[in-house]
> 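After the structure tokens below, expect a handful of questions from me.
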Amino acid sequence: MTHQVRGVISRSKGAPVEVATIVVPDPGPGEALVRVQACGVCHTDLHYREGAINDDFPFLLGHEAAGIVEAVGADVTDVAPGDFVILNWRAVCGQCRSCKRGRPWYCFSTFNATQKMTLEDGTELSPALGIGAFAEKTLVAAGQCTKVDPAAKPEVAGLLGCGVMAGLGAAMFTGEIGRGDSVAVFGCGGVGCAAIAGARLAGAAIVIGVDLDSRKLDLARDFGATAVVDASATDPVAAIQALTGGNGADVCIEAVGNPKVFEQAFYARDLAGTVVQVGVPDPQMRLDLPMIDFFGRGGRLKPSWYGDCLPSRDFPMLIDLYLQGRLDLERFVSETIALDAVEEAFARMHRGEVLRSVVVL
Ligand SMILES: NC(=O)c1ccc[n+]([C@@H]2O[C@H](COP(=O)([O-])OP(=O)(O)OC[C@H]3O[C@@H](n4cnc5c(N)ncnc54)[C@H](O)[C@@H]3O)[C@@H](O)[C@H]2O)c1
Ligand SMILES: [Zn+2]
Ligand SMILES: [Zn+2]
């Protein structure tokens, strides 16, 4: 059997997204059919629309989602119909070298549903990040579903599926922030604000938010920044040194994806400190640093993919912290919108007006 539902597709490079009827197959072995309840609008969806990820148009967009499992295929044991799940784009395969070495957060096997969702005329859709959740129903690999406490609101829970998890994990896992650390977060959008929240959860004593936009600096404070720096008016390196007794921060998190900002993060560190790169650079960007400074300053430069998270370990834990009132995930939801308002949400995101617009179905 197949299911005909509405979904948001990107038909060709740069063209506005549109709502179309999509055909979703019943789950095959190892797959799950999910009734999507909410899905956040992420920059990566816009990157797909702009052709910046690849040319496999048409795309079925949306990947920060939560919903209810409607059906599962043969051999699926971890989730069952009725489960409330968050979808993830890094299902751990258990078979690759990283998985077998006990470092599953570096798993790089693409582990998505093998059956294809299509348009009504049979054209195959490429689901964004193997998810495609701006749709009333979507088909994923069962391993992409992580069961969490159904007391969480879907529009809040779904955000852990991408950007918010990336920011929290950049601080808690990649940055290995510990009690008493000083931390600077460059870029206070959804990812950066999540990194600020993660730094607070991890016990950082000083948390400095850096942005060019005063609205984002206000949000940084809301999420727990102890100080903020307006990089449009002040040299952030000098400001961070002044705020850390002249030392620089133990951990600097780059959440923009810009070589200039990376450089600021690199020099705003204390000796032997850590730079975490969670912002995604464009392919043509280059780094140019005196090698002696890399050597002479010691420490660590660490890219962070998906916050080095492990969905099965981290999603339930973070949802519990949210339900206990210790992690303010609701603050990331700037607005809830309908399925046909994704294009307008891209424009608001572009203008810096929102942390997250979330489609509620
Ligand atoms: N590594 C991952 O797994 C992962 C996952 C999701 C998103 N991301 C990436 O994280 C980055 C941030 O995502 P987001 O959703 O928070 O985006 P966003 O656009 O909401 O936030 C970016 C922020 O950076 C600020 N900014 C821009 N230039 C700056 C500068 N020179 N100095 C200081 N601040 C500056 C902007 O004002 C904005 O507030 C993006 O590159 C996104 O692709 C990475
Ligand atoms: Zn693996
Ligand atoms: Zn995303």
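Each ligand, and each atom within it, is numbered from 1 in the order the structure gives.
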> Nearest to atom 43 (O) of ligand 1 by heavy atom, Leu212, Val256, Val280: which?
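It is Val280 that holds the nearest heavy atom.
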> Name the one of Arg6, Arg49, Arg11 that satisfies salt bridge (charged side-chain N to carboxylate O under 4.0 Å, His left out) with Glu18?
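Passing option: Arg11.
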> What protein N/O/S atoms lie closer than 2.8 Å to the Zn ion (ligand 2)?
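Near the Zn ion (ligand 2), below 2.8 Å, one finds Cys93 SG, Cys96 SG, Cys99 SG, Cys107 SG.
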> When you compare ligand 1 with Val354, is there at least one nitrogen or oxygen pair between them that comes in under 3.5 angstrom?
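No; the residue has no nitrogen or oxygen that sits under 3.5 Å from a nitrogen or oxygen of the ligand.
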> Taking the side chain as every heavy atom from C-beta outward, state whether Asp45 and Phe134 have any atom pair closer than 4.5 Å.
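Asp45 vs Phe134: side chains touch.
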> Provide, to 0.1 Å, the distance between atom 17 (O) of ligand 1 and the closest protein heavy atom, together with that atom's residue and name.
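Result for atom 17 (O) of ligand 1: His43 ND1, 3.5 Å.
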> Provide the number and element of each atom of ligand 1 under 4.0 Å from a heavy atom of Val261.
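Checking each atom against Val261, I get 30 (C), 31 (N), 32 (N).
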> Considering non-hydrogen atoms of the protein only, which is the closest contact for atom 24 (O) of ligand 1, and what is the distance?
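Ranked first by proximity to atom 24 (O) of ligand 1 is Gly187 CA, 3.5 Å.
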> Is it true that the NZ or CZ of Arg297 lies under 6.0 Å from the centre of Tyr267's six-membered ring and within 45 degrees of the ring axis?
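The answer is no; the distance or angle limit is not met.
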> Give me the nearest non-hydrogen protein atom to atom 14 (P) of ligand 1 as residue plus atom name, then the distance to 0.1 Å.
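The closest one turns out to be Val191 CG2, 3.8 Å.
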> Counting both backbone and side chain atoms, is some N or O of Asp211 under 3.5 Å from an N or O of ligand 1?
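N/O-N/O distance below 3.5 Å exists for this pair.
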> Does a sphere of radius 6.0 Å around CG in Asp121 hold more than 12 heavy atoms from other residues, nucleotides or ligands, not counting ones at 6.0 Å or beyond?
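Correct, the count exceeds 12.
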> For ligand 1, is there an N or O atom under 3.5 Å from any N or O atom of Tyr306?
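For ligand 1, there is an N or O atom that lies under 3.5 Å from one belonging to Tyr306.
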> Does the ring centre of Trp89 sit less than 6.0 Å away from the ring centre of Tyr306?
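Yes, the ring of Tyr306 comes within the 6.0 Å limit of the ring of Trp89, centre to centre.
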> What atoms of ligand 1 come within less than 4.0 Å of a heavy atom belonging to Gly190?
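Result: 16 (O), 20 (O).
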> Using a 4.0 Å cut-off to any heavy atom of Lys216, which atoms of ligand 1 qualify?
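Within the 4.0 Å cut-off of Lys216, ligand 1 contributes 38 (C), 39 (O).
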> Please compare Gly192, Ala255, Pro236 and report which has the shortest non-hydrogen distance to atom 22 (C) of ligand 1.
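Nearest option to atom 22 (C) of ligand 1, by heavy atoms: Ala255.
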> For Arg97, does the CZ atom sit with more than 12 other heavy atoms under 6.0 Å from it, leaving out its own atoms?
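12 or below, so no.
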> Among protein heavy atoms, which sits nearest to atom 21 (O) of ligand 1, and what does the distance come to when rounded to 0.1 Å?
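Here the nearest protein heavy atom works out to Gly189 CA, 3.3 Å.
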> Go through it in stages, so that I can follow the logic: the residues are Arg35 and Glu136, the test is salt bridge (charged side-chain N to carboxylate O under 4.0 Å, His left out), and I'd like the CA-CA distance, side-chain angles, deciding distance and then a yes or no.
CA-CA 6 Å; Arg35 180 164 57 78; Glu136 289 156 334; over 6 Å; no
> For atom 10 (O) of ligand 1, which of the options Ala265, Gly279, Gly352 provides the nearest non-hydrogen atom?
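Comparing heavy atoms across Ala265, Gly279, Gly352, the nearest one to atom 10 (O) of ligand 1 lies in Gly279.
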> State, yes or no, whether a side-chain contact exists between Asp26 and Thr2 at a heavy-atom distance under 4.5 Å.
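A side-chain contact under 4.5 Å is absent here.
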> Counting heavy atoms only, which of Ser304, Ala166, Ala194 comes nearest to atom 1 (N) of ligand 1?
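Looking at heavy atoms only, Ser304 sits closest to atom 1 (N) of ligand 1.
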> Would you say Phe186 contacts ligand 1, with heavy atoms under 4.0 Å as the rule?
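It does not; every heavy atom stays at 4.0 Å or beyond.
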> Nearest to atom 44 (C) of ligand 1, what protein heavy atom do you find, and at what distance?
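Answer, as residue, atom name and distance: Val278 O, 2.9 Å.
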> Report the C-alpha distance between Phe186 and Phe262 in whole Å, list the side-chain angles of each, state the deciding distance to 0.1 Å, and finish with yes or no for ring-ring contact (aromatic ring centres under 6.0 Å, His included).
CA-CA 9 Å; Phe186 293 75; Phe262 178 92; 10.0 Å; no
> Check this for me, if you would: do Asp222 and Arg331 make a salt bridge, where the nitrogen-to-carboxylate-oxygen distance has to be below 4.0 angstrom?
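Salt bridge flag = yes for Arg331 with Asp222.
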> Given Met349, Met165, Arg356, identify the one with the heavy atom nearest to atom 15 (O) of ligand 1.
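Checking each option, the heavy atom nearest atom 15 (O) of ligand 1 is found in Arg356.
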> Could you tell me if the side chain of Leu125 sits less than 4.5 Å from the side chain of Ile22, heavy atoms only?
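When only atoms from C-beta onward are counted, Leu125 and Ile22 do touch, with a gap below 4.5 Å.
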> Do the ring centers of Phe266 and Phe294 come within less than 6.0 Å of each other?
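No, the ring centres sit 6.0 Å or more apart.
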> Count the heavy atoms belonging to other residues, nucleotides or ligands that lie under 6.0 Å from CG of Asp293, then report whether that count exceeds 12.
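Enclosed: over 12 neighbouring heavy atoms sit under 6.0 Å from CG of Asp293.
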> Can you tell me the angle formed at the Zn ion (ligand 3) by SG of Cys162 and SG of Cys42, to 10°?
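If I round to 10°, I get 140°.
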> Trp305 vs Tyr106 aromatic rings, parallel, tilted or perpendicular, using cut-offs 30° and 60°?
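Taking Tyr106 first and then Trp305, their aromatic rings stand perpendicular (interplane angle over 60°).
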> May I have the step-by-step check of salt bridge (charged side-chain N to carboxylate O under 4.0 Å, His left out) for Glu155 and Lys153, ending in yes or no?
CA-CA 6 Å; Glu155 63 269 34; Lys153 291 183 195 166; 5.1 Å; no
> Could you tell me, atom by atom, which parts of ligand 1 come under 4.0 Å of a heavy atom of Trp305?
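Every atom of ligand 1 under 4.0 Å from some heavy atom of Trp305: 3 (O).
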